[in-house]
Amino acid sequence: MKKKKIAVVFGTRPEAIKMAPVILELNKHQDIFETKVIVTAQHREMLDQVLSVFSITPDWDLNVMKENQSLSDITTTVLKGIERVFIQEHFDLVLVHGDTTTSFAAALAAYYHQIPVAHVEAGLRTYDTYNPFPEEANRQLIDAITDLFFVPTVATKENLLNENKNSQSIIVTGNTVIDAIKYTKELTKQHPILDKMNRKSEQKWLLLTMHRRENYGKPMSQVFEAVIDLVEEYPEIEVLMPVHLSPIVQSVVKEVLGDHDRIHLIAPLEVDIFHRVINKSTLVLTDSGGLQEEAPALNVPVLVLREKTERPEGLEAGTLKLTGTDKQSVYENVKELLNNTELYDKMAQALNPYGDGTASIKIVEAMKAYFN
Ligand code: UD1
Ligand code: UDP
């Protein structure tokens, strides 16, 4: 078989973390696949951190990020930028990931050039196009033009079957984030925050991340006010928040949380360090997608700061609980978990529904079968 040329396209931190294991696996099969990594750099610093941890050097870097970029900015610059690459190089398959605007625009560019699209982490749904926004629409739009669906779970396969997708084109792989965790477990780099968390072992660390567009403004302020109340009530609570680099997030975080000695606001951590930080945390409070998948694998309960989740597997496994962003709800849910050991242990011991860390092997095997 003539070597097949594969484009792996991504642009943000979570896509990079979840595509890196696929790239490393594809690189083991250079006799069959010629793999080119195209980054849009929708994120710059947060993307580069991941590339460095996984030692990946992109073949193409569109460098699109602008401060306060709008969704239209990202869509149009990525669409045009990828088109320039597709004119210069012919690809047999384009791999995109998840639900970002980079992924949507890259899939659209591939479709316009009549290149088959493979979608990693396909099939997730809330069926509410404003929750999360714009990710729910992005993932439905991508799946409308996808040829090969790599889904993390049987439930996500069901979503696609219900949308009349061809069963033969859907492969259940597990989530590649578990592969990423396997990789980061082997790294032993140190960071001052890990020492800090060790030193204060009697303390309870709440790990907080928040960045979603639908949570900008009041929802974020409400959650942060609940966090302040909890810190004031419980002297053993320390809050750690690696703050997303979005200027909108930065400004509300600094304004509301900036002045408390047990609320530690830090820069985004490299993912290997961050995985160890999750491990050392008592509880995760987040609106992140990826964290909802990582925490069950690392045995830490997660309170999800959203109204809806496209990851019901974690709810069913018992490791996640949806709190929304109402101040009282967040406050009471944290209190309950801190006070009720039985409930806490049940959540912490729930089983990881996202596979055994072999998703990227399954993806590459399915790609071989596709070309045969
Ligand atoms: C994007 C994705 C979201 C994903 C999130 C992961 C879209 C529409 N949104 O949202 O699905 O959950 O990434 O974090 O695709 N910035 C920096 N440096 C960085 C990264 C961001 O300065 O390394 C700043 C820039 O000013 C940028 C802003 O953050 O304009 C927002 O970034 P953007 O990618 O537009 O949105 P996110 O909220 O990060
Ligand atoms: N993450 C990281 N450093 C941090 C915070 C998060 O590496 O300081 C990782 C985390 O392990 C997860 C991913 O970033 O894999 C989640 O990204 P984010 O919350 O930005 O996006 P989402 O998953 O919501 O799309």
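Order of appearance sets the numbers: ligands from 1, and atoms from 1 within every ligand.
- Every atom of ligand 2 is numbered from 1 in the order shown, and the set under 4.0 Å from a heavy atom of Leu269 is 2 (C), 3 (N), 4 (C), 7 (O), 8 (O).
- Ranking protein heavy atoms by distance to atom 15 (O) of ligand 2, first place goes to Glu294 OE2, 2.5 Å.
- Below 4.0 Å from some heavy atom of Pro268 lie the following atoms of ligand 2, by number and element: 8 (O).
- Listed by number with element, the atoms of ligand 2 under 4.0 Å from a non-hydrogen atom of Val271 are 7 (O), 11 (O).
- By the criterion of side-chain heavy atoms lying less than 4.5 angstrom apart, applied directly or through intervening Ile, Leu, Val, Met, Phe, Trp or Tyr residues, Val231 is not grouped with Leu240; the two fall into different hydrophobic clusters.
- The side-chain tip of Lys4 does not point at the ring of Phe33 from less than 6.0 angstrom away and within 45° of straight on.
- Contacts of Pro132 with ligand 1, taken as heavy-atom pairs under 4.0 Å, are absent altogether.
- Close to ligand 2: Arg212, with a non-hydrogen atom less than 4.0 angstrom away.
- In this pair, Phe54 and Tyr183 present their aromatic rings parallel. The plane angle is below 30°, not in the 30 to 60° band.
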Let me see the working for Gln49 and Val271 under side-chain contact (heavy atoms from CB on, under 4.5 Å), right down to the final yes or no.
-> CA-CA 8 Å; Gln49 279 186 318; Val271 61; over 6 Å; no

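- Contacts between Pro14 and ligand 1, counted as non-hydrogen atom pairs separated by less than 4.0 Å, involve the side chain only.
- Ring-plane geometry between His211 and His244 is classed as parallel, the angle between the planes falling under 30 degrees on a 0 to 90 degree scale with a further cut at 60.
- Counting protein heavy atoms only, atom 22 (P) of ligand 2 is closest to Gly289 N, 3.6 Å.
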From CA spacing to verdict: salt bridge (Lys or Arg N to Asp or Glu O under 4.0 Å), Lys321, Glu336 | CA-CA 12 Å; Lys321 188 168 178 197; Glu336 188 184 20; 3.6 Å; yes

Salt bridge (Lys or Arg N to Asp or Glu O under 4.0 Å) evaluation trace for Asp143 with Arg139 | CA-CA 6 Å; Asp143 284 340; Arg139 57 171 88 104; over 6 Å; no

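- Neither the backbone nor the side chain of Lys18 comes within contact range of ligand 2; no heavy atom lies under 4.0 Å.
- Here the heavy atom of the protein found nearest to atom 19 (O) of ligand 2 is Ser288 OG, 2.9 Å.
- Of the heavy atoms in Glu135, none comes closer than 4.0 Å to ligand 2.
- Using a 4.0 Å heavy-atom cutoff, Ile17 is listed among the residues neighbouring ligand 2.
- Only the backbone of Arg44 comes within 4.0 Å of ligand 1, judged by heavy-atom distances.
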